[in-house]
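Remarks on the structure that follows.
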There are 2 protein chains.
Amino acid sequence: MSRDDPPRQTLRVDRVVTTALDVADRDGLDGLSMRALAQTLGVVPMALYKHVANKDELLDGMVDRVWAEVQAPDPALGWREAMRRRSVSLRDALRRHRWAVGLMESRMRPGPANLAQHDAMMGCLGRSGFSFRTTVHVTSALDAYVYGFALQEKSLPFGTPEESGEAAAQKLEATPPELAAMFPHLIEVVSELAKAGYDYDEEFLTGLDLILDGVERLRPEWASADRPGE
Amino acid sequence: MSRDDPPRQTLRVDRVVTTALDVADRDGLDGLSMRALAQTLGVVPMALYKHVANKDELLDGMVDRVWAEVQAPDPALGWREAMRRRSVSLRDALRRHRWAVGLMESRMRPGPANLAQHDAMMGCLGRSGFSFRTTVHVTSALDAYVYGFALQEKSLPFGTPEESGEAAAQKLEATPPELAAMFPHLIEVVSELAKAGYDYDEEFLTGLDLILDGVERLRPEWASADRPGE
DNA sequence: ACCTGAACACCGTTCAAGT
DNA sequence: ACCTGAACACCGTTCAAGT
């Protein structure tokens, strides 16, 4: 645990993690090898192992960086707006770092930013009158939704509604008629999408608000004041 | 495209994919190397390449097997029960094949079972009076939720509520007091969980029903008969 | 205190042969 | 038609050595 003796040391670890994020953002998780990272840093692969114990510890550090980018819920906004913004912020972070989606909840040693983020969630909901049980339900439902949405979004031909409409149209055109005949309902929806385009932002917010509506009904009545004030 | 000339051929591919599923279920996606798979099949690694073009095509086949395990929505049940059961079925499949969570929607060439499943979704919702827009919203919200839930569940110390309560208790005990002081709300929730345990099934269904409630309100009024009958 | 080079046990995949 | 062996360009990581 010689983590905090010489300040230069910490600085180096930071640089390694920062560069690792850059590499993963650009080349994906597959493109992030210890060797490739070392080369980007202008150093021999083995030099990295003075700063991180192994690749897993590097990933821990990277994931906590992403957590640090997520805006904590602000109780001053009222629980609903606070949850809404933090969910949007989490999705945004996962869009900036697509490689992270599958890793955010799977780390066995959650970092400080991760803990702080979850503590803020619990605090915000508890203060707003949610019971322990309901707090857990809300967190579970919201997080599942955001992770799942990010997971789907990650691999789809992303971009503007126009671009995704275009992609749907091409897919449609490339579909042989005998296949189209087998899946008429799917074809119908895809051709609607080809015309109308697909707006991920709008889609995300629709589902998010749908869940928040549901959460509202889980809330105990005695905490009916929507504004904070403890 | 010599996929269907000799029946022996197809049989072999099936066996390769089946075995690959077994290996991945047991050893995870990391444990599934072409070399390990070959060894399990009692064959030299290169022999596999007569049956699948490459590892990616193998994964395509594996993912479609998982899709085939997912119960298609049955319009005879009414849209709500149909959606509910298919969501539960999808989660179950993802629990049996934890390696699949990140792959279900990321394949560029969706297989027949995948297409059939999505066609059934669109058909069921369309028949129940959902507009094109709403059909897309419902599918997006439900799927995001199921994938995200499965993603979280995948890595958590799974098992019975008692086991997860136990795990929470241990985590709590291992937390140094100065860390606990920094995250009081989180600690509070975890200690509640340690007492009460965490029931994943109940949690999943709570969120699912919350979303289905929300979907109900998205439905056009003119389709108010809840039973099918086209 | 930090960096290096050689080495080990792995990957997916190509290519030229074997039967 | 199917299987094989050797090889190539990669992995993460250990270990002994260098400065």
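Quick note on labels: first sequence line is chain A, next is B, and so on, each numbered from 1. The shown structure was predicted, so the numbers you read here are calculated from the model rather than taken from an experiment.
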Legend entry - Min side-chain heavy-atom separation B:Met34-B:Pro45 under 4.5 Å: no
Legend entry - For atom CG of B:Leu59 and atom P of C:dG12, their distance in whole Å: 10 Å
Under 3.5 Å donor-acceptor pairs involving side-chain atoms of residues 20-32 of chain A, not counting sequence neighbours:
from: A:Asp25; atom 1: OD1; to: A:His97; atom 2: ND1; distance (Å): 2.8
from: A:Asp25; atom 1: OD1; to: A:Trp99; atom 2: NE1; distance (Å): 2.6
from: A:Asp25; atom 1: OD2; to: A:His97; atom 2: ND1; distance (Å): 3.1

Legend entry - Value in whole Å for how far the C1' atom of D:dG12 lies from CD of A:Glu57: 15 Å
Inset, instruction - Would you check if B:Thr139 and B:Met122 make a side-chain contact, meaning some heavy-atom pair closer than 4.5 Å? - result: yes
Legend entry - Rounded distance (Å) that lies between atom P of D:dC2 and atom CG of B:Leu48: 14 Å
Legend entry - Between A:Phe204 and A:Tyr145, ring centroids under 6.0 Å: yes
Legend entry - pair A:His185-B:Cys124: side-chain heavy atoms closer than 4.5 Å: no
Legend entry - Consecutive Watson-Crick or G-U pairs in runs of at least 3, all under 3.5 Å, in which DNA chain C is involved: C:4-8 with D:12-16, C:12-16 with D:4-8
Legend entry - Partner of A:Tyr198 under side chain to side chain donor-acceptor pair (under 3.5 Å), chosen from A:Glu163, A:Glu203, A:Glu192: A:Glu203
Inset, instruction - Output yes when at least one side-chain N/O atom of A:His51 is less than 4.0 Å from OP1 or OP2 of C:dC2, else no. - result: no
Legend entry - Euclidean distance, atom NZ of residue B:Lys50 to atom C1' of C:dT19 [Å, nearest integer]: 14 Å
Legend entry - Spacing between B:Asp27 atom CG and C:dC10 atom C1', to the nearest angstrom: 15 Å
Inset, instruction - Take atom CD of B:Glu173 as the centre, draw a 6.0 Å sphere, and report whether it contains more than 12 heavy atoms from other residues, nucleotides or ligands. - result: no
Legend entry - Interatomic distance where CG belongs to A:Leu41 and P belongs to C:dC3 [whole Å]: 10 Å
Legend entry - pair B:Asp64-B:Pro112: side-chain heavy atoms closer than 4.5 Å: yes
Taking only nitrogen or oxygen atoms into account, show me every contact under 3.5 Å that the protein makes with nucleotides 13-16 of chain C, one pair per line with its distance.
from: C:dT13; atom 1: OP2; to: B:Tyr49; atom 2: OH; distance (Å): 2.9
from: C:dT13; atom 1: OP2; to: B:Lys55; atom 2: N; distance (Å): 3.0

Legend entry - Min side-chain heavy-atom separation A:Met83-A:Pro73 under 4.5 Å: yes
Inset, instruction - Check the distance between D:dC11's P and A:Asp30's CG and give it to me in whole angstrom. - result: 11 Å
